[in-house]
Amino acid sequence: MTDYLAAAMAMLGPAQNRHADPAAWDRLHAELGIQLPPDYRIVVDAFAPIQINGHLYLSHPATERWNLGQHIRGQIQAWSEVPWDDLDLDADEDPRQLFGLDELSFGTRNGAVADREHRPRRDHLPAHCHRYPKALGEL
């Protein structure tokens with residue numbers, strides 16, 4: 001089985017670990033009410049904050065600029081303000097139907113992105129959705 005974390009680390013080069021701070025992760029996890037995957041934290045600690053190949057942004061919870069906590073809070077606020085009932089979405093576009101939820105909540109333990117139990121099956125996602133169902137080490 002391929003070790004995807006090792007492959008990603010080899011591709012990205014020597015780890016910098018400039019901002020590695022377990023206390024920053026603890027604060028973020030306490031605020032979110034969930035634990036982010038360990039392999040994600042390893043990559044973020046090794047290289048963030050960074051933009052890779054113009055497409056992938058890695059923010060870090062211990063930095064003021066490109067702060068991961070601020071980014072997550074901003075995303076929670078933005079997604080919470082979407083007027084889902086006014087969008088006239090088809091069943092294959094409506095996240096409530098894709099996730100089997102009566103209503104959407106973001107930034108909560110039972111939110112649309114917080115637990116694996118309510119994630120849609122991969123084959124039910126519209127083609128334009130990004131599919132990142134597993135941590136690197138689970139692939």
Can you name the closest pair of heavy atoms from [X] and [Y] and give their distance?
| X | Y | value |
| --- | --- | --- |
| Leu58 | Trp66 | O-CE3, 3.9 Å |
| Ser59 | His71 | OG-CB, 4.5 Å |
| Trp25 | Tyr40 | CH2-CE2, 4.1 Å |
| Ser80 | Ile76 | OG-O, 2.7 Å |
| Pro49 | Arg18 | O-NH2, 3.9 Å |
| Leu98 | Asp92 | CD1-O, 3.8 Å |

His60 and Asn67 side chains, donor-acceptor separation under 3.5 Å: no

Joint hydrophobic cluster, Ile72 plus Val82, side-chain heavy atoms closer than 4.5 Å: yes

Shared hydrophobic cluster, Leu87 / Phe106 (ILVMFWY, side-chain heavy atoms < 4.5 Å): yes

Pairs meeting criterion salt bridge (charged side-chain N to carboxylate O under 4.0 Å, His left out) with involvement of residues 57-76, two or more places apart: Glu31-Arg73

Test item: Ile52 and Phe47 side chains (from C-beta on) under 4.5 Å apart, heavy atoms: no

Asp21 side-chain N/O to Ala23 backbone N/O, donor-acceptor pair under 3.5 Å: yes

Polar side-chain atom of Asn17 near backbone of Ala20 as donor-acceptor pair, under 3.5 Å: no

Result of checking Thr63, Leu36, Leu32 against Leu68 for side-chain contact (heavy atoms from CB on, under 4.5 Å): Leu36

From His29 atom NE2 to Arg27 atom CZ, the distance as rounded to the nearest 0.5 Å: 12.0 Å

Check against side chain to side chain contact (heavy atoms under 4.5 Å, CB included), Leu56 and Gln51: CA-CA 6 Å; Leu56 176 63; Gln51 177 186 4; over 6 Å; no

Residues in side chain to side chain contact (heavy atoms under 4.5 Å, CB included) contact with Arg96, at least two apart in sequence or another chain: Trp84, Asp85, Asp94, Leu104

All side-chain hydrogen bond (donor to acceptor under 3.5 Å, both in side chains) counterparts of Gln97, not counting sequence neighbours: none

